[in-house]
Amino acid sequence: MVMRLMTNPNKRKTLPLTEALVFDIVSFLLDNSGYGYSNEISYYIVDNKPRRYTSREVVGILRNRPMFRHAQSSERKGGIKWRLDLLALEKYIIQKGYTERVEKMELKDKINNLKWLQIKKTIEVMEGIDPDNLGDCYESIATIWS
């Protein structure tokens with residue numbers, strides 16, 4: 001006699017641990033204006049999910065996912081400064097089929113808020129442009145978008 005296990009088609013599938021870590025990091029960066037240092041991100045994840053992840057896993061994800069980029073920064077106060085590339089994130093979400101999950105996690109609103117914040121800061125810099133000091137204006141815009 002063979003027993004078959006019945007699976008519930010309505011049961012919500014959980015994310016693989018690696019993908020869950022990606023979205024935990026994304027959520028952290030969205031809550032911090034799209035930026036964070038390696039140590040800050042790692043401490044946050046390890047403190048909030050102590051049985052799941054190590055700091056090496058966090059750094060590995062930062063290095064190996066297209067939506068996490070090095071930010072331009074001369075500071076090294078907490079490791080490498082990382083930024084969230086929203087265009088790469090959106091492509092990743094679509095490619096992996098996580099659109100509904102992102103909406104359920106309410107990340108879509110955070111993504112849109114970060115877009116508005118970056119656009120608003122850019123407009124503010126452009127409104128205060130000084131033709132005699134284009135270097136500062138360029139640096140400000142580069143900082144927002146890098």
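Residues Glu57 and Thr54 approach most closely at OE1-N, 2.7 Å, considering heavy atoms.
The side-chain heavy atoms of Met67 and Val22, taken from C-beta on, include a pair separated by under 4.5 Å. A heavy-atom distance below 4.5 Å is found between the side chains of Ile141 and Met126. Within the 4.5 Å cutoff, the side chain of Leu84 has heavy atoms near those of the Leu86 side chain. Residues Leu89 and Leu107 have side chains not in contact (no heavy-atom distance under 4.5 Å, counting atoms from C-beta outward). A 4.5 Å side-chain heavy-atom check between Lys49 and Tyr44 finds every atom pair outside the cut-off.
Listed by first then second residue, pairs satisfying salt bridge (charged side-chain N to carboxylate O under 4.0 Å, His left out) with a partner in residues 136-146 number zero, not counting sequence neighbours. Residue pairs meeting the side chain to side chain donor-acceptor pair (under 3.5 Å) criterion with at least one partner in residues 83-93, sequence neighbours excluded, are Glu19-Tyr92, Arg65-Tyr92, Arg69-Asp85, Glu90-Lys115.
From Lys120, atom NZ reaches atom CG of Asn113 across 11.5 Å, with rounding to the nearest 0.5 Å. Ser42 OG to Tyr37 OH: the interatomic distance, rounded to the nearest 0.5 Å, is 16.0 Å. Atom OG in Ser55 sits 11.5 Å away from atom CD1 in Ile45 (nearest 0.5 Å). For the atom pair CD1 of Ile93 and OH of Tyr98, the computed distance is 10.5 Å after rounding to the nearest 0.5 Å. Atom CD of Glu124 sits about 11.0 Å away from atom OG of Ser140, to the nearest 0.5 Å. How far CH2 of Trp116 is from CD1 of Ile123: 7.5 Å, rounded to the nearest 0.5 Å.
Enclosure of atom OH in Tyr35 by more than 12 non-hydrogen atoms of other residues, nucleotides or ligands within 6.0 angstrom is indicated.
Both Trp82 and Leu117 are part of a single hydrophobic cluster, where members link through side-chain heavy atoms under 4.5 Å apart. Connection of Ile80 to Val59 is not established within any shared hydrophobic cluster, with ILVMFWY side chains joined at heavy-atom distances below 4.5 Å, either directly or through further cluster members.
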Donor-acceptor contacts, no H, no angles, side chain residues 23-31, under 3.5 Å, sequence neighbours left out:
| residue | atom | partner | partner atom | Å |
| --- | --- | --- | --- | --- |
| Asp31 | OD1 | Lys110 | NZ | 3.0 |

